[in-house]
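Letters go in sequence order (proteins before strands), and every chain restarts at 1. All of these numbers come straight from a predicted model, not from anything done at the bench.
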Amino acid sequence: MESEVRLMKGNEALAHAAIRYGVDAYFGYPITPQSEIIETLMAQRPWQSTGMTVMQVESEVSAIHMVYGAAATGKRAMTSSSGPGISLMQGGISYLCGANLPCLIVNVMRGGPGLGTIQPSQADYYQAVKGGGHGDYKLFTLAPSSVQEMADFVSVAFDWAFRNCNPAMILADGTIGQMMEKVVLPPARPRLTDDEIAHKYPWAIDGARHSRIGSNRIASLELDAAVMEQRNCERQHKYELAEQNDARAEATLTADAEVLIVAFGSAARICAKAVDLARAEGLKLGLLRPITLWPFPSAYLREAAEHARGILCVELNAGQMIDDVRIAVESRILVEHYGRLGGAVFTPTEIVSAAKNIFKL
Amino acid sequence: MSVNTKDIVYHRPRLLTDNNMHYCPGCSHAAIHKILADVLSDMNLADNVIGIGSVGCSVFIYNYIDIDWIEAAHGRAPAVATAVSRLNPQKLVFTYQGDGDMASIGTTEIIHAANRGENITVIFINNSVYGMTGGQMAPTTPLGMKTVTCPDGRNVEQNGYPLPITDLLTRLPGTCFVSREAVTTYKHVLHAKKALRKAFQNTLEKRGTSVVEFVATCCSGWKMSPVEANEWLNTRMKQMKMGRLK
Ligand SMILES: Cc1ncc(C[n+]2csc(CCOP(=O)(O)OP(=O)(O)O)c2C)c(N)n1
């Protein structure tokens, strides 16, 4: 399959990109606002074309442990859900990290807590980047702000996950999942063969222990505290390297920004419009959009905020990413939050007004 | 002293490792591991098998049986096995689970995996208690039995009825073979081996889900000597349907 230009929803683009990337397996359970992912996969019947396994399963708990099983055999496995389902997956995500297994988890966020609402939200930031489950672990967390990025981040996430033997997450929200845009789908590539997997990923279980040398188990249990500490340190070292090398951000009109807006995902799109409106009025607003939420692009942020006298952290939540923004600038600059909650969304004009009021522009 | 191999009438299963087992004296897990290793060796499956371990006393099974293992979270082995088997259809995939693991926290996973007829064998070790965490009541604990969390004996008012999970599994169209076995006597051991071999054969032939339940002892949990535990279980087995259930 060649590269192709299409008009489609973010959820649909992500599903098509997964097939084209050569993902081996998807396991999921329906929930709004992301059910188009499994529906698109089923409609495409990739088991007939690439051999990809697609299963609607009994719960998100089962889905994440199926991802664990597939990943343990070196396969590219993924799942997707929204808040209530992602919460159920937290134990499994911790096991994946504990066993150093790569996979992709997609969270198309909706408002919470509890059953909450099906409207878009960014309230799962903490859960995604601060370790939603037990133990010291991190997820490589990508925040798409367009349908194109919903497609592109599938390969970015899997490549990182397999390079680092750790799960990656695409943290989208209902707006990005549901809206339709032009998207360039990547050309298709074949799934890896079993021989290629055995060659590339010597840690993978292949059920043929006696015909090769190497690991023959995937596990996270270790009762010797010294050994367990060592394993944890190795994992943290991997995270330190990622923090140094793998952060991504996009800066718009930051060089002369008096007030810097920091926003991710769908909020960043609205903020981009707010910056345009403000500039038309002669107000020097700039925008830094973290693309990776973990590792957080602290160095990019410090650079973008060099001449700013204030930072406005705009989020569709009560103020979560603002913690990382404050840590990044070591609280040397005034950092304030502006947000809407529970599925409500701000307009560009509201953001400009907020910036004016808070920073007396 | 040299041993003439002609004189060897019995030897340890080839796939059983030299590691000392951590099991309490009289625990059925050790005997079942041995049967499992034996059947895998006999059927020449060492290069073609993926075992899914579970959380419970048998969590270290990967130290004792020398094949490829994946350690599943508590109760989730059938979900893990589903994915492993679907993505590696040429391999024999089996789970090894306790009654707390399979009949309590993992009820959803076992029912749905079996109902889909996943091509896996489920080895279910039913010792009536939670062994690893100190002998607490399990869904399978019989009425009247005392444990640390039902000190006056399990009663219906407080705890409800024991869950007949294996019998439920026979009702699902996805299961092709369900058998209840024991390792309390040599005769039972021979029978159990046959059942396990049959189950693995079904899995290799992709006939659906095979379940082999082992009614088992937990001397520490039951606070009995190995001899008492075996006797108690033999008496109890008289009230159970043993052998092939489906
Ligand atoms: C989510 C979760 N809850 C609780 C535990 C603690 N736990 C470990 S083993 C176990 C019970 C195991 O009992 P069973 O499955 O009957 O196996 P046995 O030890 O008797 O062989 C429990 C409750 C855990 N590891 N994970």
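- For A:L101, no part lies near chain B; criterion is any non-hydrogen pair under 4.5 Å.
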May I have the step-by-step check of side-chain contact (heavy atoms from CB on, under 4.5 Å) for A:V61 and B:R76, ending in yes or no? CA-CA 8 Å; A:V61 176; B:R76 315 303 172 213; 3.4 Å; yes
For the pair B:E71 and A:S220, evaluate side-chain contact (heavy atoms from CB on, under 4.5 Å) and give the outcome as yes or no after the intermediate values. CA-CA 8 Å; B:E71 170 194 279; A:S220 57; 3.4 Å; yes
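- Within 6.0 Å of NZ on A:K200 lie no more than 12 heavy atoms contributed by other residues, nucleotides or ligands.
- For B:N20, the CG atom sits in a loose shell: 12 or fewer heavy atoms of surrounding residues, nucleotides or ligands are nearer than 6.0 Å.
- By the 6.0 Å contact criterion, NE2 on A:H199 is open, its count of non-hydrogen atoms from other residues, nucleotides or ligands being 12 or less.
- The number of heavy atoms from other shown groups lying within 6.0 Å of CD (A:E222) is above 12.
- Closest non-hydrogen pair, B:I50 versus A:D206, comes out as CD1-C, 4.1 Å.
- Nearest heavy atoms, B:L87 versus A:A25: CD1-CB, 3.7 Å.
- Heavy-atom neighbours of B:K194 NZ from other residues, nucleotides or ligands within 6.0 Å: at or below the threshold of 12.
- In the displayed structure, B:R171 atom CZ is contacted under 6.0 Å by at most 12 heavy atoms of other residues, nucleotides or ligands.
- Within the 4.5 Å cutoff, no side-chain heavy atoms of B:Y62 are placed close to those of A:N216.
- The environment of A:K138 atom NZ is dense: over 12 non-hydrogen atoms of other residues, nucleotides or ligands sit within 6.0 angstrom.
- Two residues are said to be in side-chain contact when any heavy atoms from C-beta on lie closer than 4.5 Å; B:F60 and A:L221 meet this criterion.
- When heavy atoms are compared at a cutoff of 4.5 Å, B:V93 does not approach chain A at all.
- Contact check for A:M55 versus B:T82: side-chain heavy atoms found under the 4.5 Å cut-off.
- Summarising the geometry of B:I70 relative to A:A72, their closest heavy-atom pair is CD1-CB, 3.5 Å, with the distance given to 0.1 Å.
- If you take CG on A:D194 and NZ on B:K91, they are separated by 8.0 Å, rounding to the nearest 0.5 Å.
- Contact of the A:E58 side chain with the B:I111 side chain is not registered, since no non-hydrogen atoms from C-beta on lie closer than 4.5 Å.
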Would you sort out whether B:V84 and A:Y68 count as a side-chain contact (heavy atoms from CB on, under 4.5 Å), showing the intermediate values? CA-CA 9 Å; B:V84 173; A:Y68 175 94; over 6 Å; no
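- Highest contact tally toward chain A, considering only B:N88, B:L92, B:N48, B:L45, is held by B:N88 [criterion: heavy-atom pairs under 4.5 Å].
- Counting heavy atoms from C-beta on, the side chains of B:E109 and A:H65 never come closer than 4.5 Å.
- Nearest heavy-atom pair across B:H74 and A:Y95 is N-OH, 4.2 Å.
- Within a 6.0 Å radius of CZ in B:F177, more than 12 heavy atoms belonging to other residues, nucleotides or ligands are found.
- Taking all atoms of both residues into account, the shortest heavy-atom contact from B:A83 to A:A70 is CB-N, 3.7 Å.
- Both the backbone and the side chain of A:S62 come within less than 4.5 Å of a heavy atom in chain B.
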